[in-house]
Amino acid sequence: MKSHAKVVVIGGGVVGCSVLFHLARHGWTDVVLLERDELTSGSTWHAAGGMHTINGDPNVAKLQKYTISLYKEIEELSGQATGVHLTGGVLLAATEARLDWLRGVVAKGRYLGIDLEVISAKEAAELMPLIDPSQFVGAVRNKEDGHLDPSGVTHAYAKAARKLGAEVERFTKVEDIVRRPDGMWRVITNKGEVVAEHVVNAGGLWAREVGRMVGLELPVLAMEHMYLITEDMPEVAAWNAKTGTEIIHAVDFDGELYLRQERGGMLMGTYEKANKVWSEFQTPWNFGHELLAPDIDRIAPSLEVGFRHFPAFEKTGIKQIINGPFTFAPDGNPLVGPVRGLPGFWVACGVMAGFSQGGGVGLALSNWMIEGDPGADIWAMDVARYGDWATMAYTNAKVRENYSRRFSIRFPNEELPAGRPLKTTPVYDLLSARGAQWGVAYGLEVPLWYAPEGIKDEFSWRRSSDFSHVAKEVATVRERVGLAEISSFAKYKVTGEGAAGWLDRMLACKLPKRGRMTLTPMLKDDGKLIGDFTLANIDDHEWFVAGSGIAEQYHMRWFEAHLPKDGSVHIEALGARLTGLAIAGPKAREVLAKVSRADVSNAAFPFMAVAKMDIGMAPCLVGRVSYTGDLGYEIWVAPEYQRAAFNALMAAGEEFGIGLFGSRALNALRLEKNYGSWGREYRPIYGPLEAGLDRFVAYGKDADFIGKSAALAERKQGGKLRLRTFIVDADDADVIGDEPIWFDGAVRGWVTSGGYAHHSKKSVAVGYVPKEIADESEGFEIELLGKRHVARIQSTPLFDANFERMRG
Ligand SMILES: Cc1cc2nc3c(=O)[nH]c(=O)nc-3n(C[C@H](O)[C@H](O)[C@H](O)COP(=O)(O)OP(=O)(O)OC[C@H]3O[C@@H](n4cnc5c(N)ncnc54)[C@H](O)[C@@H]3O)c2cc1C
């Protein structure tokens, strides 16, 4: 074994081998993979080998498509068969709600280039002869489904990597990982030590234990999973003989089953509701090529549905039941990327669909390690989407929920209950008492809307029980004054002698003067967005930054990686140690004036001013800015004072008819102003010009801010896309996000977000289209639940287009 390597990859499952292959293919050949046993000794060897392109996140779906397209290449490179059978498949719907969901999947597939088609249950049965069509209302055909040989694929990656110069050491167990003072990693094994610049944790079933070696508690947990293989079936033989083809894959969402042909019989797997965690606290190191005891009682309810939906199964014997463990992150997507605070330590774990996702994970991680950027929008798999709040018990609750809902529909207005409430702010009970319906962002409970007694969300793809109540909250803001709890923003405090200079380099804006704020994009080296923030200059040495709450860890990883080594800048994420309230609406100033001794007149405290002031007895930081696009203020307050500030504002607002509003109303309000947000309109694949944030970029400032030359080039060349707001001729449903935008009969763009703008009474969609068509007045349509609706670009804000309310 070599004593030094640029990269040590820990784990020889499908994911580690893919990472090794991609590093070598990308030109890093001084790389070694350490496997404690034979390759595939974790969850990989007993996988059912199914692969598919569909994923709830379109960017992950793209990487799944890439993974499937890769098998031919690694087979050729390695000379190792991968056993790929691209049979195609059907996704079955037993209910109308499921068919609506599938229509959304088909729509997303259109701009991802995934060939999907809605078909009838009868047509599905013609493609897959074991189906009883009377049990279904429709289906979707997917030509890119299939299965493969898990061991063949893993060895093909490893062999191809070796051919390119990478090394694989089997029977080499990593026992400890120690960081040297010079930043290199000592990887200590049962066979000696390797010193490496980078370490990748692809430990699969043991990823948690490998993480613990460097003090990390990763949010991953293994679950038991079962599939059965039947005896040979005459129906299968007859179909094979008649058509000369295999039986295609099927996913029966309502039965929570997946099926495919396995030799002369069938394989049927299930994500059962009565699921079981495996190795809750510690994965045994002596677990190897073993299976777990099958438990047919646990999967019996799913099998009963299976027998009804696929009657031939009832007449056939079960040859074998496989029960094996594999790992999940709380939301079921992988954990990939560099770990904040551990330079050179990377993770590629929690990959629950290794044969659909392993290639994409390897590609993204190798790009990231070599180029400094994953090269794609991989937010949905970024390890930084979790913070310290994703504890072991939280992970346990969420993984079990996710497993049991693997094939369940999640409606756009549906909030999942497991692991909640976890983080709450001091006004939580006050808001609950007023009917708050809670959602969650980055572990924190967030009020979505306020329901009268006895009313709650009815889950639906269409406008639902909250509609008229959210409309009232919107009216409160536009006509009087509303109060919102806004602690879910990320808040940062930047201090130190070098703070201003550092911010000038990190952020693309012109720095605001003392007592002023500005909006600012943050760019990566390639000129694409990596953040959008409100920056406030408190007193030249103290700066306050507010940004997307879900991206706190993501942004801290970036900030800390760019801090000067001399200690002249200090940055702190304030998390729930600073809470927030916002008031907005034409009466907002009068409310503020009643509770504060500061002069808050427009002359003394204009739009984008910021100052420390007391609200009642509570010391606060107040900024005159509002995401509602109305006259408004954001108020930042230490948690111990939040109730006092809340009570003071509510009491002062009473005479003006103050009311509470939640994030759904806020969405309706911001849509009228064409305001975007991080994670929806602003993501690391768009440039500031494309995203319409170029007006906040100080292209001419002296500071050589990160991404400056690329941003200048984008401005010169014009980028490729444009963000646009559309008014949709919708009937009873509004866009959610990820719907295709059609132009002149072809899919040309995609929706990032939208909803119903209650004040303007318009259904609004926001999305990207190619710049060539971005100023067309006619010809757009947006697909909603399988139907195309005429859409028109709305270039000026629907509300307060002249900014008189906001700035007045
Ligand atoms: C019953 C079942 C059916 C499945 N069906 C499918 C399917 O149809 N399609 C699909 O895509 N996925 C399926 N999966 C999931 C799939 O198996 C996983 O996504 C995949 O195996 C994850 O691979 P991995 O490389 O991340 O982890 P693993 O396969 O667990 O690999 C991790 C490797 O790291 C090694 N290792 C760990 N710690 C150390 C250390 N300290 N030193 C050295 N080596 C170490 C281990 O020995 C192991 O070989 C199924 C899983 C099960 C259990």
Side-chain angles (χ1 to χ4, degrees), residues 431 434-437 446-452 463-486 489 519 580-595 600-602 605-608 622-635 646 649-650 652-677 725-728 730 734-735 753-766 794-808:
L431 303 186
R434 288 164 166 86
Q437 303 297 300
V446 178
L448 302 172
W449 63 289
Y450 293 85
R463 292 174 196 155
S464 184
S465 45
D466 63 330
F467 190 78
S468 60
H469 305 287
V470 172
K472 282 188 197 139
E473 292 172 27
V474 166
T476 301
V477 173
R478 290 288 185 243
E479 291 163 19
R480 304 188 301 275
V481 52
L483 185 149
E485 213 282 348
I486 55 161
F489 277 97
L519 300 182
L581 299 169
I583 52 169
K587 299 291 181 194
R589 181 160 36 228
E590 286 166 75
V591 173
L592 187 63
K594 270 186 77 180
V595 292
V600 293
S601 66
N602 195 33
F605 199 59
F607 182 61
M608 283 297 178
V622 179
R624 192 176 147 192
V625 65
S626 178
Y627 197 49
T628 61
D630 219 309
L631 168 67
Y633 303 87
E634 287 178 354
I635 298 158
F646 174 83
L649 289 163
M650 289 302 283
E654 207 177 329
E655 66 171 289
F656 304 103
I658 197 166
L660 297 173
F661 67 105
S663 59
R664 291 193 187 157
L666 187 59
N667 185 48
L669 293 159
R670 67 100 194 175
L671 287 170
E672 297 182 331
K673 295 293 289 189
N674 299 355
Y675 292 163
S677 68
T725 298
F726 296 86
I727 307 299
V728 189
D734 307 297
V735 299
S753 70
Y756 191 76
H758 289 273
H759 178 70
S760 315
K761 303 201 169 17
K762 298 267 189 294
S763 183
V764 176
V766 186
Q794 175 71 31
S795 41
T796 53
L798 284 164
F799 171 74
D800 194 26
N802 302 321
F803 306 100
E804 282 157 10
R805 270 275 275 269
M806 191 170 78
R807 295 192 173 146

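Everything numeric here is computed off the predicted structure, so don't read it as measured data.
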Nearest 0.5 Å, what's the [atom1]-[atom2] distance between [X] and [Y]?
{"X": "Tyr633", "Y": "Phe605", "atom1": "OH", "atom2": "CZ", "value": "7.0 Å"}
{"X": "Lys761", "Y": "Glu672", "atom1": "NZ", "atom2": "CD", "value": "9.5 Å"}
{"X": "Ile635", "Y": "Ile583", "atom1": "CD1", "atom2": "CD1", "value": "4.5 Å"}
{"X": "Arg670", "Y": "Ser626", "atom1": "CZ", "atom2": "OG", "value": "13.5 Å"}
{"X": "His758", "Y": "Lys472", "atom1": "NE2", "atom2": "NZ", "value": "11.5 Å"}
{"X": "Leu519", "Y": "Tyr627", "atom1": "CG", "atom2": "OH", "value": "10.5 Å"}

[X] to [Y] - nearest heavy-atom pair and separation:
{"X": "Ala757", "Y": "Val764", "value": "CB-CG2, 3.8 Å"}
{"X": "Ala588", "Y": "Leu631", "value": "CB-O, 3.9 Å"}
{"X": "Asn674", "Y": "Gln794", "value": "ND2-O, 3.7 Å"}
{"X": "Pro452", "Y": "His469", "value": "CG-CE1, 3.3 Å"}

Any [X] side-chain heavy atom under 4.5 Å of [Y] side chain:
{"X": "Phe661", "Y": "Thr476", "answer": "no"}
{"X": "Leu431", "Y": "Glu485", "answer": "yes"}
{"X": "Val735", "Y": "Phe726", "answer": "no"}

Worksheet entry | Qualifying residues under ring pair (Phe, Tyr, Trp, His ring centres under 6.0 Å), relative to Phe656, sequence neighbours excluded | none
Is a side-chain N or O of [X] found less than 3.5 angstrom from the main chain of [Y], in a donor-acceptor match?
{"X": "Arg805", "Y": "Gly585", "value": "no"}
{"X": "Glu473", "Y": "Trp449", "value": "no"}
{"X": "Asp800", "Y": "Met806", "value": "yes"}
{"X": "Ser760", "Y": "Lys762", "value": "no"}

Item to complete: Please state whether the rings of Phe799 and His759 are parallel, tilted or perpendicular, taking 30° and 60° as the class boundaries.
Response: perpendicular
Worksheet item: Tell me the side chain to side chain donor-acceptor pair (under 3.5 Å) pairs involving residues 583-592, sequence neighbours left out?
Response: none
Worksheet item: Taking only residues two or more places apart in sequence or in another chain, which ones pass side chain to side chain contact (heavy atoms under 4.5 Å, CB included) with Leu448?
Response: Glu415, Ser663, Arg664
Fill in: From Thr796, Leu671, Val766, residue fulfilling side chain to side chain contact (heavy atoms under 4.5 Å, CB included) relative to Thr725
Val766
